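Let me begin by presenting the structure, written as structure tokens, before commenting on it.
One is the number of the first residue; the rest follow in order along the sequence. Small disclaimer: the values here were computed from a predicted structure and weren't measured.
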Amino acid sequence: MAGHSKWANIKRQKAVVDAKRGSIFTQLSRAIIVAARSGIPDPAGNFQLRTAIDKAKAAGIPNDNIERAIAKGAGTFAGDNTNLEEIRYEGYGPGGVAILIEALTDNRNRTAADIRVAFSKNGGNLGETGCVSWMFSQKGVCVVEDVVDEEKLLEASLEADADTYEMIEDEIAEVFTEVVNLEKLSQTLKAKNFHVTEVELRWIPGNQVEVIDPDQAKSLLKLIDTLEGLDDVQNVTANFEMSENLMTLSMV
């Protein structure tokens, strides 16, 4: 998982800049709406909603916006007839890199058109459903900061039935588990006084495509950035492996 975690870490750093764009507010608000709609509209009893709210607060979304999104999901917000549906798109980027896109939309025709244009303008191809998803498996991930005792993290992870963990930076770890076990993992780590900064579901690629050509690298990262900038897109995952130096140069 090393290559994927490296990319996820760079994306987190990049998100500080991206948070200034209005699209991140839209994406996180929609995640709250769907979470509130799929379960009870009370974060205390809805882990998915609680996680979505935590992400929204971390991105600086005002409490009024969060409450409005919860009300929309619960169907108690006056005059709101928004009907969001979750759709997954799949395709290939430059160099044959597999790309998986999760979207929330109230207009699937608009979303499909926007995603198709993003692929075609950046050297990729939007494919049929199932063309790349078989290469990925979904896992639950807890990001833990201020890890000073790796042995204690290992003990807590084993107690919570985690699959594995990885130190991605000095004192920062990612702990992986099965999707159904994510809430237990999060609660166990917090109970052991670990600083859990992020809880999410993530698609993990089963194989990696190494990208070494600078032009392909630049086009690929531009494609991913364009896709992530679309209001309807919630998450983009790709199965590439790239040196950190090339990745950094290509993102400039």
Side-chain angles (χ1 to χ4, degrees), residues 8 11-12 14-90 99-118 126 129 133 136 138-143 179-183 185-187 196-203 224-237:
K11 280 175 66 178
R12 263 194 295 278
K14 183 170 162 287
V16 175
V17 176
D18 290 348
K20 296 176 183 177
R21 300 188 308 198
S23 61
I24 194 70
F25 276 35
T26 301
Q27 291 165 354
L28 293 173
S29 295
R30 286 185 175 183
I32 292 172
I33 292 171
V34 170
R37 188 171 293 165
S38 62
I40 61 172
D42 179 3
N46 185 333
F47 178 65
Q48 182 184 352
L49 177 58
R50 192 161 68 247
T51 301
I53 290 172
D54 287 344
K55 283 190 175 183
K57 288 183 175 179
I61 295 182
N63 287 332
D64 287 349
N65 296 48
I66 292 173
E67 294 298 327
R68 191 180 306 119
I70 294 172
K72 286 181 177 181
T76 58
F77 189 75
D80 178 61
N81 297 312
T82 303
N83 184 26
L84 293 171
E85 59 177 324
E86 297 177 83
I87 307 176
R88 195 167 67 202
Y89 297 91
E90 306 175 32
I99 300 178
L100 201 62
I101 303 147
E102 293 173 297
L104 285 174
T105 181
D106 57 359
N107 186 329
R108 60 164 57 208
N109 291 331
R110 179 196 65 224
T111 305
D114 288 346
I115 289 175
R116 188 173 289 106
V117 168
L126 180 62
T129 300
S133 57
F136 297 83
Q138 197 173 39
K139 293 289 185 180
V141 185
C142 286
V143 180
V179 171
V180 295
N181 191 54
L182 183 56
E183 183 172 11
L185 174 61
S186 173
Q187 291 177 341
V196 179
T197 58
E198 194 168 344
V199 180
E200 65 180 9
L201 298 179
R202 190 186 301 170
W203 290 98
I224 293 174
D225 189 56
T226 301
L227 290 168
E228 289 180 334
L230 298 175
D231 284 351
D232 296 336
V233 171
Q234 294 295 110
N235 187 50
V236 180
T237 306

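In this view, R110 and D106, D232 satisfy the salt bridge (charged side-chain N to carboxylate O under 4.0 Å, His left out) rule, not counting sequence neighbours. With sequence neighbours excluded, the residues that form a salt bridge (charged side-chain N to carboxylate O under 4.0 Å, His left out) with E85 are R108.
Rounding to the nearest 0.5 Å gives a distance of 12.5 Å between OH of Y89 and CG of L100. Summarising the geometry, atom CD1 belonging to I99 is positioned 6.5 Å from atom CG belonging to L227; distances are rounded to the nearest 0.5 Å. Residue N63 holds its CG atom at 11.5 Å from CZ of R68, rounded to the nearest 0.5 Å. Rounding to the nearest 0.5 Å gives a distance of 10.0 Å between CG of L230 and CG of D225. The distance from the CG atom of L104 to the CD atom of Q234 is 4.0 Å, given to the nearest 0.5 Å. Atom CG of N65 sits about 10.0 Å away from atom OG1 of T26, to the nearest 0.5 Å.
Scanning all heavy atoms of the two residues, the minimum distance from I32 to A52 falls at CG1-CB, 3.8 Å. In this structure, I61 and S29 approach most closely via the heavy-atom pair CD1-OG, 4.3 Å. The minimum heavy-atom distance linking L49 with P43 is given by the pair CD2-N, 3.7 Å. Minimum interatomic distance between V196 and C142 (heavy atoms only, all atoms of both residues): CG1-CB, 4.3 Å. Shortest non-hydrogen contact noted between L201 and G140 is CD2-CA, 4.1 Å. For the pair L182 and V141, the tightest heavy-atom approach, listed with the atom from each and the gap, is CD1-N, 3.6 Å.
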Checklist entry - Yes or no on side chain to side chain contact (heavy atoms under 4.5 Å, CB included) for T111 and I87, after CA distance, side-chain angles and deciding distance? => result CA-CA 9 Å; T111 305; I87 307 176; 5.8 Å; no

Checklist entry - side chain to side chain contact (heavy atoms under 4.5 Å, CB included) between R88 and W203: does it pass, once the steps are laid out? => result CA-CA 12 Å; R88 195 167 67 202; W203 290 98; 3.3 Å; yes

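Looking only at distances, a side-chain donor or acceptor of E90 sits under 3.5 Å from a matching main-chain atom of S133. Side-chain atoms of E183 never come within 3.5 Å of backbone atoms of Q48 as a donor-acceptor pair (strictly under, hydrogens ignored). Between the N46 side chain and the I40 main chain, a donor and an acceptor come within less than 3.5 Å of each other. Here the side chain of Q27 pairs a donor or acceptor atom with the backbone of V233 at under 3.5 angstrom.
I53 places a side-chain heavy atom less than 4.5 Å from the side chain of I70.
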